[in-house]
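Input: a single structure, listed below in structure tokens.
In listed order, ligands and their atoms are each counted from 1. The figures here come from the full heavy-atom set of this structure, side chains too, leaving out hydrogens, waters and symmetry mates.
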Amino acid sequence: MTPTVLILLGPPGAGKGTQARMLEEDFGLVQLSTGDLLRAAVVAGTEAGKQAKVVMEQGGLVSDEIVLAILKDRMAQPDLAKGIILDGFPRTDGQAAALDDLLGVAGQKVNAAISLEVDDEAMVGRIAGRYTCAACGEGYHDTFKQPATAGTCDKCGGTAFKRRADDNAETVRERLNAYHTQTAPLIAYYEGKGVLKRLDAMGAIAEIRQSLGTIVSRVAA
Ligand code: AMP
């Protein structure tokens, strides 16, 4: 069986990470977030991590070279047999072309690129209030999704939470800008390949999960 390859496209705050985690649960696919991989490299203090840190703090895009090296390493791991959900990748023309090459060599292809369509203005508020469990990564929000018991993660019972350094209003504007100039053109790229699906992602998390599930069940191998 050929592994399913899904891409989630959308600006920061669109819900790519949240929905990718749900697709993991619902379909047994594995979320590959280049943002998470880069943050791990920053924490590990690798050379790539040091270079990435400066760019990430400013809300720009890390070089294709660094991102591709980190992604290739991750894609070589043996736990991706069922398929992957790419979250935050590709973000440039060069990355999209490199992904096609990488998949082509393995006899694979992109099954669907799903564009989560949202209003930019709402993204600033969504991002400013978000935080995650430090232990399991479950996502929460000051306004939209508090844990059932204040201060305790619903999923793992953890009591430590963290906020991303780049989730401040100023950096978010830069990240939105980078999305529109460098990443949004990929929507047309995947449309041209006949694999683009558009999804209104302004509604409730559970509703989007359901609509996304319908799309994925049609395209998953
Ligand atoms: P994210 O977690 O997807 O919001 O990514 C956080 C930051 O990591 C972005 O603002 C970029 O600086 C960097 N980053 C993540 N993925 C990529 C990518 N595919 N290409 C370039 N930079 C990336």
Non-hydrogen atom of [X] closer than 4.0 Å to ligand 1:
X	value
Q58	no
G60	yes
R164	yes

Applying a 4.0 Å heavy-atom criterion (strictly less than), which segment of [X] is in contact with ligand 1: side chain, backbone, both, or neither?
X	result
M56	both
L38	side chain
K16	neither

Can you tell me the protein heavy atom closest to [atom] and the distance?
atom	result
atom 15 (C) of ligand 1	R91 NH1, 3.3 Å
atom 22 (N) of ligand 1	V62 N, 3.1 Å
atom 20 (N) of ligand 1	Q95 NE2, 2.9 Å

Between [X] and [Y] (salt bridge meaning N to carboxylate O under 4.0 Å), is one present in this structure?
X	Y	result
R163	D142	yes
R74	D36	no
K82	E24	no

Purely on distance, is any nitrogen or oxygen of [X] under 3.5 Å from one on ligand 1?
X	value
D166	no
D36	no
P90	no
V55	no
F89	no
T34	yes

Considering residues, nucleotides and ligands other than [X], do more than 12 of their heavy atoms fall under 6.0 Å from its [atom1]?
X	atom1	value
E170	CD	no
K53	NZ	no
Q146	CD	yes

> Quick one: ring-ring contact (aromatic ring centres under 6.0 Å, His included) partners of H180, sequence neighbours excluded?
Replying inline: none
>> With a 3.5 Å distance limit and no angle check, can you tell me whether E191 reaches the backbone of I187 through a side-chain donor-acceptor pair?
In response: no
>> Tell me if a side-chain donor or acceptor on R164 pairs with a main-chain N or O of Y131 at a distance below 3.5 Å.
In response: no
> What is the minimum heavy-atom distance between A112 and V219, and which atoms define it?
Replying inline: CB-CG2, 3.9 Å
>> Within ligand 1, which atoms have a heavy atom of G88 less than 4.0 Å away?
In response: 16 (N), 17 (C), 18 (C), 19 (N)
